[in-house]
Amino acid sequence: AEDRANITSFLIHCRIMRPDDANIAGNVHGGTILKMIEEAGAIISTRHCNSQSGEHCVAALARVERTDFLSPMCIGEVAHVSAEITYTSKHSVEVQVNVLSENILTGAKRVTNRATLWYVPLSLKNVDKVLEVPPIQYAWKELEEDGKKRYEEQKLERLVTKQRNGDIIFPVFNPEPYTVGYSQSSLIHLVGPSDCTLHGFVHGGVTMKLMDEVAGIVAARHCKTNIVTASVDAINFHEKIKKGCVITISGRMTFTSNKSMEIEVFVDADPFVDEPKERYRAVSAFFTYVSLSKEGKPVPVPQLVETEDEKRRFEDGKGRYLQTKAKRQVQMQPLTQQ
Amino acid sequence: AEDRANITSFLIHCRIMRPDDANIAGNVHGGTILKMIEEAGAIISTRHCNSQSGEHCVAALARVERTDFLSPMCIGEVAHVSAEITYTSKHSVEVQVNVLSENILTGAKRVTNRATLWYVPLSLKNVDKVLEVPPIQYAWKELEEDGKKRYEEQKLERLVTKQRNGDIIFPVFNPEPYTVGYSQSSLIHLVGPSDCTLHGFVHGGVTMKLMDEVAGIVAARHCKTNIVTASVDAINFHEKIKKGCVITISGRMTFTSNKSMEIEVFVDADPFVDEPKERYRAVSAFFTYVSLSKEGKPVPVPQLVETEDEKRRFEDGKGRYLQTKAKRQVQMQPLTQQ
Amino acid sequence: AEDRANITSFLIHCRIMRPDDANIAGNVHGGTILKMIEEAGAIISTRHCNSQSGEHCVAALARVERTDFLSPMCIGEVAHVSAEITYTSKHSVEVQVNVLSENILTGAKRVTNRATLWYVPLSLKNVDKVLEVPPIQYAWKELEEDGKKRYEEQKLERLVTKQRNGDIIFPVFNPEPYTVGYSQSSLIHLVGPSDCTLHGFVHGGVTMKLMDEVAGIVAARHCKTNIVTASVDAINFHEKIKKGCVITISGRMTFTSNKSMEIEVFVDADPFVDEPKERYRAVSAFFTYVSLSKEGKPVPVPQLVETEDEKRRFEDGKGRYLQTKAKRQVQMQPLTQQ
């Protein structure tokens with residue numbers, strides 16, 4: 001209990017879900033939840049990295065591990081977000097965030113998310129300088145060893161995914177139903193001051209919320225039903241996005257299983273007024289959506305009709321789907337089946 | 001198709017309409033749509049004006065041509081905004097923006113707006129310096145000639161309307177039903193950082209959204225039914241509004257036809273902390289609203305009861321109404337009758 | 001009437017209430033109303049304090065007197081906020097704000113709030129310097145004398161409440177139903193640019209809105225019904241909160257009468273990146289909530305189950321409840337009983 005009261009390593013936050021946080025069916029957008037998760041992570045890690053006297057810093061999001069949405073959240077429910085620092089390396093902080101949804105009329109609570117995020121402290125004076133992270137105390141030695149293992153794993157994965165960044169989504173005119181072009185969508189956003197950290201760079205949570213918004217439009221246009229975010233694959237934030245940039249967020253469907261859709265989302269930043277810099281790919285990710293019946297049960301989705309190129313992407317998506325399915329069976333039963 | 005992929009002269013954006021974008025009946029506010037249109041215009045013209053190396057700039061909205069709302073948009077629908085640069089003069093850019101509404105449950109799409117906006121590139125270093133616009137390529141020579149004609153026309157109209165700026169709206173106590181004083185309303189807004197461009201001046205779209213908000217309150221108080229924006233007359237943005245100003249947006253009814261209401265809206269800016277500058281009239285415009293039955297059909301509205309002064313304004317409004325009606329019959333059939 | 005047109009001492013504002021301003025039952029949050037009230041007060045007092053040439057300033061909220069919510073406001077209604085400067089001392093401005101709610105479908109209006117706020121003009125160049133307030137003209141000498149009496153009273157009360165600031169709320173695991181720990185809640189917020197005045201300090205209205213949000217969650221978790229803000233005790237703003245701070249807003253129930261709940265709310269600011277300053281208590285306040293039936297009538301609430309410490313706080317709360325009840329019977333009948 002003493003440990004829990006330690007304000008630098010534990011944090012609880014709650015907020016009522018509003019109509020604008022949700023779709024027409026009343027289900028809270030995955031992006032709203034990802035944004036709350038990232039806010040909690042940014043606050044707890046920035047606080048920790050400034051807990052020792054020395055150069056001041058802001059913790060920037062470097063990576064979010066694969067996150068499942070275990071159960072939909074509804075308008076009027078209270079989201080409880082709790083965040084804890086679970087590992088620190090020399091230059092990075094691992095934060096684990098749990099989200100609980102509480103129906104305040106019945107008192108019923110259920111876990112909706114368990115997320116893991118990695119942050120890096122960047123100096124307030126010089127944003128390109130990574131500072132050292134004060135070490136945390138572990139209750140058991142095993143906790144530190146497990147943390148180190150997770151740290152090494154994500155480091156490896158970040159190297160692997162650094163390459164997959166070339167693709168561009170072109171508009172298709174008069175696409176056939178259920179083809180990729182039929183549902184692909186894009187959104188533009190002018191980065192304003194409220195989107196940014198004290199450094200003047202976009203919060204990771206803001207980017208993820210916009211990505212989920214586009215992915216949701218793609219999914220809804222494909223299957224024309226009530227759709228919800230089921231999961232997001234690990235996302236790496238290689239490139240920062242500065243205030244004043246215009247960002248284009250584009251999404252296209254890459255794979256359908258019987259009851260799920262995989263959507264790839266690209267974020268391209270265009271720093272057109274501020275710097276002599278070219279438009280660049282800032283982030284990319286895969287979102288998985290399911291379609292729900294009126295009773296909230298997953299229902300079959302229309303299958304994707306592909307061209308040659310798209311078939312290749314479909315096969316890649318199928319690979320990811322089977323890999324995830326296998327991993328999940330090894331590691332644990334999903335919460336909904338417990 | 002190659003031309004369409006040219007990122008500096010064409011732009012597509014989509015967004016799901018949320019509860020806060022709409023009135024209680026579920027119809028999206030005209031102001032929400034105007035704001036999306038202006039954002040797209042600002043991005044595409046700023047991008048174009050910075051496409052050649054040289055001094056950096058931000059494109060500021062100078063004028064919006066008369067815009068019709070051809071069909072109401074609803075919560076849950078996806079708005080598709082596409083913007084294209086259609087003409088450039090030495091110092092200004094014409095952008096045409098189309099808005100399509102897509103019902104993602106049925107796949108049905110319809111055009112809701114076709115708008116034309118004029119932007120002027122202002123230097124980032126010195127906001128009072130207007131830069132030169134890089135010329136665009138036209139597919140046919142006729143396109144350039146038509147553009148030039150539109151350019152000359154709007155230039156003339158901007159000179160004419162520069163005068164109409166003296167009026168002030170005073171509160172009336174215990175007004176009679178259906179008089180001007182009965183429905184007139186005003187709203188104050190403290191200009192915050194999110195309302196502003198990189199220059200620190202209010203986005204034209206933010207101003208138009210606030211103007212539509214006031215006009216909608218005036219219309220609803222007059223006829224106490226579900227009202228929607230039918231059109232906005234051309235608006236000229238003569239005066240910039242700086243961050244930190246307080247703006248007062250006031251609206252009063254000037255004319256009623258059998259099934260429509262015309263509302264005049266004034267925007268006054270008060271730069272009270274920042275400069276030794278007086279309160280000034282920044283923008284004014286005429287909005288036309290219609291009242292809809294539960295089935296979405298326009299219904300008759302209560303007629304305006306006027307004083308002497310108001311009668312004069314009513315006659316002016318009637319003039320504008322008949323002129324527009326005549327113009328429309330000459331130019332084209334409205335979309336809803338095609 | 002001439003006096004009313006004087007733009008520096010009178011101000012009217014109206015806005016339609018949106019879904020995001022309200023709870024699921026459609027009742028507008030007290031916090032939304034408090035924020036509108038404070039915005040009007042800040043604008044009118046800043047405008048007044050800058051009305052004479054000299055050093056420019058921003059008026060900062062110093063105190064809000066006890067405010068009753070006389071009648072719930074609903075989505076789709078228009079809130080009319082009118083503000084008037086009613087007294088000026090050498091260094092402070094008293095603003096009285098009335099809020100009217102108008103059902104635009106029926107035209108029915110009713111008073112929902114009458115609030116009194118005190119502002120202090122702080123120099124734009126040096127935020128620690130309090131400037132002099134230009135005196136206002138009073139229609140009768142009695143108005144000035146009454147104002148002076150109110151000024152002296154609040155000055156005294158501000159001294160008294162300066163002490164009550166030590167308590168911290170700790171999380172309780174597995175709390176029993178209806179205990180304090182069962183409903184206590186907290187919320188974190190990263191102070192962004194849109195939350196702040198030109199000085200870069202949080203608007204008092206933003207703080208009050210967040211406080212009401214937490215208090216509402218506490219009340220709803222305790223009684224699991226449709227709850228609305230009934231009143232807020234006087235709030236003193238002793239400590240400013242700077243942009244970039246993280247604020248933690250925590251609430252716990254301190255008292256229940258038959259049909260009302262009292263909730264204490266603390267605001268703690270953590271300026272963790274910007275300064276070598278410790279986390280500090282910025283504001284605290286007591287909110288009273290009632291639970292409404294479907295017909296909008298107050299219904300009994302579950303009684304609070306207390307520990308020893310909590311019993312002491314309960315007795316204190318009971319004291320405040322009886323004192324307020326007695327005061328109200330002396331001063332005037334509440335509007336709802338007229």
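Source: prediction; values computed, not measured. In what follows, chains are A, B, ... by sequence order, proteins preceding strands, each numbered from 1.
- One finds the OG1 atom of A:Thr46 at 10.5 Å from the CG atom of C:Asp270 (value rounded to the nearest 0.5 Å).
- Using a distance-only test at 3.5 Å, with no hydrogens or angles considered, a donor-acceptor pair links the side chain of C:Asp20 to the main chain of A:Asp20.
- Contacts of A:Thr197 with chain C are absent, with no heavy-atom separation under 4.5 Å from either backbone or side chain.
- Among all heavy-atom pairs drawn from C:Pro193 and A:Ser194, the shortest one is CG-N, 4.1 Å.
- In this structure, the separation between CZ on A:Arg18 and CD on C:Glu213 is 6.0 Å, given to the nearest 0.5 Å.
- From C:Ser186, atom OG reaches atom NE2 of A:His80 across 9.5 Å, with rounding to the nearest 0.5 Å.
- The two residues C:Thr248 and A:Arg47 have their closest heavy-atom pair at OG1-NH2, 4.3 Å.
- Rounding to the nearest 0.5 Å gives a distance of 11.5 Å between CD1 of C:Ile24 and CE of A:Met17.
- Annotation for C:Ile188 and A:His13: closest pair N-ND1, 2.7 Å, computed over non-hydrogen atoms.
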